[in-house]
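A short write-up of the structure that comes next.
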There are 2 protein chains.
Amino acid sequence: MKSLHDMPERPGPARASLDRLFELTEVLGALMQRGMADRGLTLARAGVLWALFHDGPMTQRALAAARGVTPRNVTGLLDALQEEGLIAREAHPTDRRATLVSLTPKGREFTAGLRGGRDELAALLFADLPPQQLDTFAATLVLAIERLKDVDSTAHA
Amino acid sequence: MKSLHDMPERPGPARASLDRLFELTEVLGALMQRGMADRGLTLARAGVLWALFHDGPMTQRALAAARGVTPRNVTGLLDALQEEGLIAREAHPTDRRATLVSLTPKGREFTAGLRGGRDELAALLFADLPPQQLDTFAATLVLAIERLKDVDSTAHA
DNA sequence: GCATATCGTGAAGTGACTTCACTATGTAGT
DNA sequence: ACTACATAGTGAAGTCACTTCACGATATGC
């Protein structure tokens with residue numbers, strides 16, 4: 001008969017894939033961090049710029065929700081970005097408590113550069129792959145993301 | 001004739017896959033961080049434990065190289081782990097400058113728990129996938145990791 | 001109007017990380 | 001053996017992301 005402990009001895013394809021995922025997370029994270037450092041800012045600050053680029057001007061509160069961090073943290077990140085001239089704080093037209101954050105021209109230019117870098121990297125990584133392989137890859141990624149989010153939400157309960 | 005700007009308008013499968021990768025990096029990172037926080041420690045500290053678990057006792061210098069951080073940082077992480085009773089510093093048998101770091105029984109127990117959690121997650125994510133899909137996925141991951149490392153090393157030049 | 005929720009921010013603190021300087025020790029080179 | 005140099009770990013000081021708590025200013029519901 002098969003022992004309950006037959007499986008754990010061999011890696012198994014599922015575990016191997018997850019380990020690859022961990023490795024990729026590390027490498028990709030490091031690469032992004034380096035890329036941002038070369039451009040003179042940090043991942044957290046770049047994330048704020050990216051959110052503004054995608055969704056347009058918004059309040060700091062909305063930005064905090066979009067980035068999943070505390071409002072207080074957003075204040076600090078924006079202070080730095082404003083110092084660099086990449087974002088601007090304006091008065092909110094109707095709510096005098098809130099400030100409306102938007103990209104300056106310089107911020108827009110910078111963010112367009114980011115987008116270009118991303119597209120370049122995407123081409124470098126995947127452009128030469130057979131469409132079917134890339135499809136399978138993307139579909140599996142989507143599945144993994146979905147299940148990970150599930151785990152996270154049930155863990156919060 | 002086709003304009004040079006035909007392509008950038010559509011996302012394209014390569015860019016979509018890379019964006020998924022970014023998303024997964026975020027979600028997986030958040031999940032790991034939460035998992036470690038629940039167990040009473042941080043990602044950086046857990047990484048040190050994991051390295052010791054895999055490669056056995058080693059000097060702080062070796063640990064720094066294995067984790068890709070500065071030796072000074074290792075000192076701080078080990079201080080915390082030693083406080084928790086998860087690692088022990090012993091005198092190096094031949095080199096009196098170095099300290100040999102090893103897992104305590106408590107540290108080994110803890111790390112075995114981590115491994116169990118990883119295997120559980122792997123099963124949850126991938127166990128029910130057709131072998132061929134998982135193979136394609138893993139192979140593409142390996143390719144992406146390899147190319148990312150390439151980019152990083154050439155960028156260092 | 002008055003209670004209450006919300007917006008941003010000062011104050012204070014944590015964790016991961018860095019660089020620089022310094023001591024203690026190993027390793028040559030002559 | 002003695003001098004020169006590299007290496008192991010750590011104290012000091014600082015940066016960045018992030019948190020919680022408290023507070024003043026405004027909005028909003030009743």
Query raised in the report: Heavy-atom distance under 4.5 Å between the side chains of B:F22 and A:L28, does that happen here?
Result: yes
Expressed as a whole number of angstroms, how long is the span from [X]:[atom1] to [N]:[atom2]?
| X | N | atom1 | atom2 | answer |
| --- | --- | --- | --- | --- |
| B:R34 | D:dC18 | CZ | P | 17 Å |
| B:L63 | D:dG9 | CG | P | 9 Å |
| A:D79 | C:dT9 | CG | P | 7 Å |
| A:R89 | C:dC7 | CZ | C1' | 12 Å |
| A:Q33 | C:dC17 | CD | C1' | 9 Å |
| A:M58 | C:dC7 | CE | C1' | 16 Å |
| A:L43 | D:dT15 | CG | C1' | 15 Å |
| B:N73 | D:dG11 | CG | P | 14 Å |

Kindly indicate whether the side chain of [X] and the base of [N] share any N or O donor-acceptor pair separated by less than 3.5 Å?
| X | N | result |
| --- | --- | --- |
| B:R97 | D:dT7 | yes |
| A:R72 | C:dG10 | yes |
| B:R96 | C:dT25 | no |
| A:R61 | C:dG8 | yes |

Query raised in the report: Any luck finding a side-chain donor-acceptor pair between A:Q133 and B:T140 under 3.5 Å?
Result: yes
Query raised in the report: Do B:E90 and B:S102 have a side chain donor and acceptor closer than 3.5 Å?
Result: yes
May I ask you to say what [X] touches in the nucleic acid, namely base, sugar-phosphate or nothing, with a heavy-atom cut-off under 4.0 Å?
| X | result |
| --- | --- |
| A:R45 | sugar-phosphate |
| A:R67 | nothing |
| B:T75 | base |

Requested in this report: Would you kindly confirm whether A:L121 and A:M32 end up in one hydrophobic cluster when ILVMFWY residues are joined by side chain heavy atoms under 4.5 Å apart?
Outcome: yes
Requested in this report: May I ask whether B:V142 and B:F126 are part of the same hydrophobic cluster, defined by side-chain heavy atoms of I, L, V, M, F, W, Y residues being less than 4.5 angstrom apart, directly or through others?
Outcome: no
Query raised in the report: Any idea which heavy atoms bring A:A14 and B:A127 closest together, and the distance?
Result: CB-N, 4.5 Å
Side-chain N or O of [X] less than 4.0 angstrom from OP1 or OP2 on [N]?
| X | N | value |
| --- | --- | --- |
| B:T70 | C:dT18 | yes |
| A:T99 | C:dG8 | yes |
| B:Q60 | D:dT10 | yes |

Query raised in the report: Between A:A80 and B:A98, who's closer to the 5' end of DNA chain D by nearest nucleotide?
Result: B:A98
Query - 5'-most by nearest nucleotide on DNA chain D - A:A44 or B:L100 - result: B:L100
Report task. Look at the side chain of A:D95 and decide which nucleotide, out of C:dT9, D:dG9, D:dT26, has an atom nearest to it. Result -> D:dT26
